[in-house]
Amino acid sequence: MTHPFDANSPDLMSWVESANAPDTPFPIQNLPYGRFRRDASEPWSIGVAIGDRVLDVYGAGLCDSPHMAQWLTLPRAQRQAQREAISLALRHGSGDRARVEPWLMPMNGVELGLPCETRNYSDFFIGIHHASNTGRLHRPDMPLLPNYRWVPIGYHGRASSIQVSGRDFARPKGQVKAPGAAAPALQPSEQLDFELEMGIVIGQGNAQGDAIPIDAAREHIAGLTLLNDWSARDLQRWEAQPLGPFLAKSFATTLSPWIVTLEALAPFRRPFVRPPEDPQPLPYLDGQADQVSGAIDVTLEVWLQTPQMRAQGLSGDCIVRTGLAQAAYWTVAQLVAHHTVNGCNLMPGDLLGTGTLSGAGPGQSACLLEITQGGRHPLCLSNGEERLFLHDDDTVTLRGHCERPGRRRIGFGDCTATVRRAKP
Ligand code: CA
């Protein structure tokens with residue numbers, strides 16, 4: 001192609017009619033990648049969401065391999081070129097329609113898997129309001145520790161228990177020490193919580209020993225997902241001193257099925273600015289492109305549906321509404337630069353969680369620990385029920401979208417799961 005082609009142009013329409021609906025999360029300007037199979041006997045294959053359909057991009061000849069791992073290792077320029085080819089094939093009037101249309105499937109007629117194999121999962125703590133609000137519960141005089149504004153705080157999480165949206169899980173058991181009790185007991189968690197986060201999926205990795213400079217970080221990021229870092233607060237309180245989260249977090253992490261690419265997110269970037277009174281980032285965390293456009297505007301919501309609401313035919317309450325840019329103290333590029341500065345090698349499909357993305361205002365606290373101020377003040381729901389923490393058969397759904405005047409709104413797809421009763 002000799003003329004520039006903008007796959008994010010708001011004027012683009014698709015011959016897939018459902019992709020032109022104003023409220024679809026998956027217009028032709030999005031084209032997120034995931035994995036699907038028609039039945040459980042099939043291997044997972046790479047697919048792209050368009051409207052209410054999934055396009056088998058390998059079958060349609062738009063991708064060289066059915067394996068997501070291969071796509072992730074492509075240089076970013078090749079991933080971009082592939083996205084543009086898919087956009088051209090799906091746009092209104094495309095000559096490829098007859099060839100591509102047989103490879104479209106109804107999204108509700110296939111099984112969606114985790115978007116990729118994840119071997120390593122690290123969880124950060126970049127939500128400064130979350131860090132302050134939870135810190136204040138333990139340290140009213142110093143909610144933020146002195147390192148917070150200098151170093152992106154994180155820990156190594158558990159990759160094996162990451163599961164795709166729609167999979168339920170049993171309430172975890174663990175050691176809980178009640179206040180005043182002489183000894184802990186093994187019991188089902190009574191303080192099960194969600195954490196609204198985003199996941200950063202790594203594309204090309206780096207060799208061990210070679211740091212990824214901040215200006216190159218975007219080359220190594222495939223895209224973003226929604227992530228629920230389920231947390232058992234009573235287990236966490238007892239076990240986390242002094243080394244941090246372990247079994248309170250490792251029983252389940254839920255991920256949305258679609259990787260929304262950095263290319264699709266490009267129209268929703270904005271400058272990343274440190275308040276002048278804060279320490280400026282050390283040079284390895286300070287990049288010019290990151291200053292100009294390191295922040296990404298994503299509106300995020302948490303919906304809670306109790307079993308009683310389900311029985312009453314109610315879809316649930318929106319209990320959190322916040323945003324990535326307003327919550328995050330560090331950018332995704334800073335996280336990649338920091339993670340690798342010591343020579344740690346990231347691998348294709350590795351997952352970085354942002355940490356809980358609470359905003360500063362009312363209704364923006366992104367976990368129940370914050371909403372209920374440590375389990376002291378119940379959250380009142382629209383049908384008269386209350387919650388301090390999650391009950392059995394509660395369903396938590398994370399949703400996210402980007403919108404801006406003059407741009408097509410794009411969405412992430414639901415990240416949902418239901419808490420089941422603890423196993424006997
Ligand atoms: Ca977390």
Side-chain angles (χ1 to χ4, degrees), residues 118 120-138 143-145 147-148 151-163 165 169 172 174 189 191-202 224-241 243-256 298 300-302 319-320 322-324 326-332 334-336 338-339 350-359 364-372 374-375 389-390 396-398 400 412 415-417 419:
T118 292
N120 300 285
Y121 161 43
S122 307
D123 199 19
F124 283 94
F125 192 51
I126 71 171
I128 190 168
H129 306 294
H130 171 69
S132 304
N133 292 340
T134 54
R136 195 170 292 116
L137 296 173
H138 315 294
L144 277 187
L145 291 170
N147 61 359
Y148 190 85
V151 57
I153 305 290
Y155 70 96
H156 288 108
R158 183 79 194 162
S160 65
S161 52
I162 299 171
Q163 48 188 26
S165 175
F169 65 93
S189 170
Q191 298 188 343
L192 185 61
D193 201 352
F194 61 84
E195 288 189 340
L196 167 62
E197 304 194 16
M198 297 200 76
I200 300 150
V201 179
I202 299 299
L224 303 187
T225 63
L226 303 178
L227 185 156
N228 189 340
D229 177 24
W230 303 97
S231 301
R233 302 301 183 192
D234 39 4
L235 277 59
Q236 187 177 357
R237 194 174 305 114
W238 173 237
E239 75 169 7
Q241 303 170 38
L243 282 186
F246 186 43
L247 301 186
K249 302 273 194 177
S250 62
F251 56 93
T253 301
T254 303
L255 205 63
S256 55
V298 185
L300 298 163
E301 294 173 347
V302 180
I319 59 170
V320 183
T322 175
L324 174 63
Q326 69 205 73
Y329 195 74
W330 302 97
T331 67
V332 295
Q334 286 173 323
L335 300 187
V336 169
H338 182 66
H339 205 306
D350 278 5
L351 181 67
L352 313 185
T354 55
T356 307
L357 293 169
S358 300
Q364 298 181 353
S365 293
C367 65
L368 286 168
L369 182 72
E370 274 179 69
I371 295 170
T372 67
F389 292 98
L390 296 171
V396 177
T397 302
L398 314 186
F412 283 77
C415 178
T416 190
V419 178

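Order of listing sets the numbers, starting from 1, for every ligand and every atom in it. Along the sequence shown, residues carry numbers from 1.
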Residues which pass salt bridge (Lys or Arg N to Asp or Glu O under 4.0 Å) with Glu239, listed by chain and number, not counting sequence neighbours
none
Quickly, which of Thr356, Leu335, Thr354 forms a side-chain contact (heavy atoms from CB on, under 4.5 Å) with Phe124? Name it, please.
Leu335
If I compare all heavy atoms of Gln236 with all of Ser231, which pair ends up nearest, and what's the gap?
OE1-CB, 4.3 Å
For the Ca ion (ligand 1), which protein N/O/S atoms are closer than 3.0 Å?
Asp123 OD2, Glu195 OE1, Glu197 OE2, Asp229 OD2
Please enumerate all residues that pass salt bridge (Lys or Arg N to Asp or Glu O under 4.0 Å) together with Asp193, with sequence neighbours excluded.
Arg233
In this structure, are over 12 heavy atoms from other groups packed under 6.0 Å from Phe246 atom CZ?
no
Residue set satisfying salt bridge (Lys or Arg N to Asp or Glu O under 4.0 Å) with Asp234, at least two apart, ordered chain then number -> none
